[in-house]
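So the structure is just underneath, and the comments pick up after that.
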Amino acid sequence: MPELPEVENLRISLLPALVGARLNRLVVYHPDVLINPGKLDPAGHICLGIQRRGKYLRLCFDSDLIMEVHLRMTGHLLLRPDESVLPPAYPRSEHIHVGCEWEKDGSSFLLLYQDTRRFGRIELISRADLDARSTGSGNLGPEPFADECNAEYLCRRVARHSRLPLKSFLLDQSVIAGLGNIYVDEILFAARLNPLRPAAGLAPEEAERIVSHMRRILNAAIAAKGTTFRDYVDGHNRKGSFQEQLFVYGRGSEPCHICGTTLVNARIGGRNTVYCPTCQSDAETVPEPQ
DNA sequence: AGTAGCCCCTGCCCGC
DNA sequence: TGCGGGCAGGGGCTAC
Ligand SMILES: [Zn+2]
C-alpha cells in the first residue's frame with residue numbers, strides 16, 4: 001500500500017525521466033480511472049517538475065496544468081524506456097488503465113498506470129482549480145516534516161474528537177497528510193501508545209513521541225526505498241526493503257520483537273491493526289470493549 | 001460537525 | 001482439484 005515513503009520514492013524515481021520531457025499522447029484504456037475524462041488534454045505539454053502532497057503525486061506541466069495521481073491500494077506508475085508507442089489495447093490481465101507517450105532529448109518512452117484493483121485515480125486539473133479545492137487533496141493536514149506538524153498541533157487537533165481511536169485520528173489525512181495503515185501501526189508501536197485509546201486527552205509528552213517516531217520511521221522507510229509488503233514498486237519496477245524493518249504490521253499472532261508477547265490483531269475503523277498488548281499497554285486510557 | 005458504515009475491485013489464501 | 005467465502009484497504013460518499 002503506497003503511503004508517504006512509497007509515493008516519495010516513486011516521485012524521486014520518475015524525476016530524471018519526466019522532468020523536461022514532453023507528453024505527446026495520453027491514452028485512457030479504462031475511463032473509470034480518469035476523473036473528468038476529456039476535460040483537459042496534457043498532449044504537447046512539458047513536465048516541469050513532480051511534487052508530492054500526502055499520498056498524492058502531482059506531475060506539473062507548463063501552462064499550470066497538473067496531473068494528480070493517487071495510487072490507493074495497488075496503483076503503479078511504470079516507465080517503459082524501451083517502448084515508444086502505446087498499443088490500441090493491453091491484455092486485461094495486465095491491468096494497465098492509462099498510458100502516456102513521452103519524448104525527451106530526441107528519444108521516446110512510455111509511462112503506464114497499472115492498477116490491479118483499480119482503486120486509484122488520475123485527474124487532470126489546473127493549478128487554480130487545485131488551489132481552490134477544499135475536499136480530498138485540497139483538505140490535507142500538514143506534511144509530517146513540516147514545522148507546524150508538532151506536538152502542540154496534535155494536542156490542539158485531538159480536541160475535536162471525543163471518542164475517535166488514536167489510530168483512526170492518525171489515519172485521517174486532514175490531520176497529517178501521508179500516513180497509512182502500515183506506518184501508523186509502526187509509529188504507535190514505537191511510541192508505545194495503544195491504537196484503541198481515544199485520541200482526545202493525548203498528553204504533550206505522548207504527542208512528542210508520536211512526532212519524533214513518525215519522522216524517524218518515515219525517514220528510515222524513505223531511505224529503504226519504501227515498503228514492499230505485497231506489490232509496491234517504483235517507476236523502474238524496483239521494490240523497497242523497509243518490510244524487513246517492520247515491528248508489528250503484518251505480524252499479528254507472532255511474538256513482539258521487544259518483549260516476546262504475542263502481537264494482537266484488532267479491527268479499528270474497519271482496518272486491521274496489530275499491536276503489542278504489553279509494550280502498548282497504556283491500558284488505563286483504553287475503553288473496555290462493549 | 002464528528003463518526004460509523006458501506007462501497008469500490010481483484011487476487012490470494014484457506015477450508016471443505 | 002475445484003470452488004466459495006473471507007480478506008486486504010484509502011478515500012468518497014451517505015446517513016445519523
Ligand atoms: Zn512487546
Side-chain angles (χ1 to χ4, degrees), chain A residues 1-8 10 29-36 52-58 68-77 90-98 113-123 125 130 133-141 144 154 156-188 195-202 226-233 243 246 248-254 263-274 287 289-290:
Chain A
M1 295 116 275
E3 305 178 26
L4 185 150
E6 290 72 38
V7 179
E8 179 63 14
L10 172 64
Y29 297 104
H30 200 302
D32 286 0
V33 171
L34 202 66
I35 300 172
N36 296 327
R52 180 194 56 73
R53 180 77 174 92
K55 303 175 197 172
Y56 292 85
L57 191 74
R58 294 170 179 165
E68 185 176 77
V69 181
H70 197 299
L71 304 172
R72 293 282 177 90
M73 304 300 303
T74 55
H76 301 87
L77 283 173
Y90 280 96
R92 190 183 138 83
S93 60
E94 292 195 33
H95 302 292
I96 292 167
H97 308 305
V98 177
Y113 181 73
Q114 192 263 352
D115 189 349
T116 303
R117 287 180 209 169
R118 216 192 307 136
F119 276 15
R121 291 292 179 265
I122 297 176
E123 181 170 21
I125 187 170
L130 190 60
R133 169 172 293 178
S134 62
T135 62
S137 67
N139 185 32
L140 296 173
L154 288 181
R156 179 162 28 92
R157 192 64 174 71
V158 294
R160 285 155 52 173
H161 304 281
S162 56
R163 63 181 191 283
L164 197 68
L166 181 56
K167 167 160 181 171
S168 301
F169 173 76
L170 293 176
L171 282 175
D172 184 340
Q173 299 301 295
S174 73
V175 173
I176 301 175
L179 302 183
N181 209 30
I182 295 175
Y183 293 105
V184 166
D185 276 12
E186 294 298 313
I187 291 162
L188 289 174
L196 290 159
R197 60 175 276 178
L202 192 68
T227 299
T228 300
F229 192 81
R230 289 187 181 84
D231 58 0
Y232 165 75
V233 289
Q243 65 277 7
L246 297 177
V248 288
Y249 182 83
R251 298 195 63 248
S253 304
E254 294 179 36
L263 298 175
V264 170
N265 279 300
R267 196 130 198 112
I268 303 178
R271 310 254 154 78
N272 192 47
T273 304
V274 185
Q290 294 298 317

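The chains referred to below are lettered A, B, ... by the order of the sequence lines, with proteins before strands, and numbering in each begins at 1.
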- Contact check, side chains of A:Pro144 and A:Leu4, non-hydrogen atoms, under 4.5 Å: yes
A:Phe229 atom CZ is separated from B:dG11 atom C1', nearest whole Å, by 15 Å
The side-chain contact (heavy atoms from CB on, under 4.5 Å) partners of A:Ser162 (sequence neighbours excluded) come to none
note: A:Tyr232, atom OH; B:dG11, atom P; distance rounded to Å ~ 22 Å
Ignoring backbone atoms, test whether A:Gln173 places a side-chain nitrogen or oxygen under 4.0 Å from the OP1 or OP2 oxygen of C:dG10. no
Interatomic distance, NZ@A:Lys55 vs CE@A:Met1, rounded to 0.5 Å, equals 10.5 Å
A:Arg121 CZ to C:dG9 C1', in whole Å, measures 14 Å
N/O to N/O distances under 3.5 Å, protein versus nucleotides 1-4 of chain B:
from  : atom 1 : to       : atom 2 : distance (Å)
B:dG2 : OP1    : A:Arg160 : NE     : 3.0
B:dT3 : OP1    : A:Ser162 : N      : 2.8
B:dT3 : OP1    : A:Ser162 : OG     : 3.4
B:dT3 : OP1    : A:Arg163 : N      : 3.3
B:dT3 : OP2    : A:His161 : ND1    : 2.3

When A:His95 and A:Arg72 are each assigned the nearest nucleotide of DNA chain B, the 5'-most assignment goes to A:Arg72
Output for pair (A:Ile187 CD1, A:Ile176 CD1), nearest 0.5 Å, gives 7.5 Å
Problem set entry | Phosphate OP1/OP2 of C:dG11 contacted by A:His70 side-chain N/O (<4.0 Å) | yes
Q) Taking the side chain as C-beta and beyond, is there a heavy-atom pair between A:Gln173 and A:Asn139 under 4.5 Å? A) no
Take A:Glu3 and A:Tyr232 through the side chain to side chain donor-acceptor pair (under 3.5 Å) test and state the conclusion after the steps.
CA-CA 10 Å; A:Glu3 305 178 26; A:Tyr232 165 75; over 6 Å; no
Pairs under 3.5 Å (N/O, protein and nucleotides 6-8 of chain C):
from  : atom 1 : to       : atom 2 : distance (Å)
C:dA8 : OP2    : A:Arg267 : NH1    : 2.8
C:dA8 : OP2    : A:Arg267 : NH2    : 3.4
C:dA8 : N3     : A:Arg117 : NH1    : 3.1
C:dA8 : N3     : A:Arg117 : NH2    : 3.3

Could you check if a side-chain atom of A:Thr273 sits within less than 4.5 angstrom of a side-chain atom of A:Leu188, using non-hydrogen atoms only? no
In A:Glu186, A:Lys167, A:Arg271, the residue satisfying side-chain hydrogen bond (donor to acceptor under 3.5 Å, both in side chains) with A:Asn181 is A:Lys167
On DNA chain C, more 5' by nearest nucleotide between A:Phe119 and A:Ser137 is A:Phe119
Q: Check whether any side-chain heavy atom of A:His95 sits under 4.5 Å from a side-chain heavy atom of A:Thr74, and report yes or no.
A: no
A:Leu179 atom CG is separated from C:dG11 atom C1', nearest whole Å, by 15 Å
Here the distance between atom P of C:dG11 and atom CD1 of A:Ile35, to the nearest Å, is 12 Å
Item to complete: Could you tell me whether A:Arg118 contacts a base, only the sugar-phosphate backbone, or nothing, with contacts defined as non-hydrogen atoms closer than 4.0 Å?
Response: sugar-phosphate
A:Glu94 CD to B:dT10 C1', in whole Å, measures 16 Å
Side chain to side chain contact (heavy atoms under 4.5 Å, CB included) test vs A:His97 passes for just one of A:Ile122, A:Leu34, A:Val33, namely A:Val33
- prompt: With a 4.0 Å cut-off on heavy atoms, is A:Gly136 in touch with a base, just the backbone sugar-phosphate, or nothing at all?
  reply: sugar-phosphate
For a quick test of reading the model: is some side-chain N or O of A:Arg92 closer than 4.0 Å to OP1 or OP2 of B:dT10?
yes
Separation of C:dG9 atom P from A:Asp115 atom CG, nearest Å, is 16 Å
Atom CG of A:Asp231 and atom P of C:dG9 are separated, to the nearest Å, by 13 Å
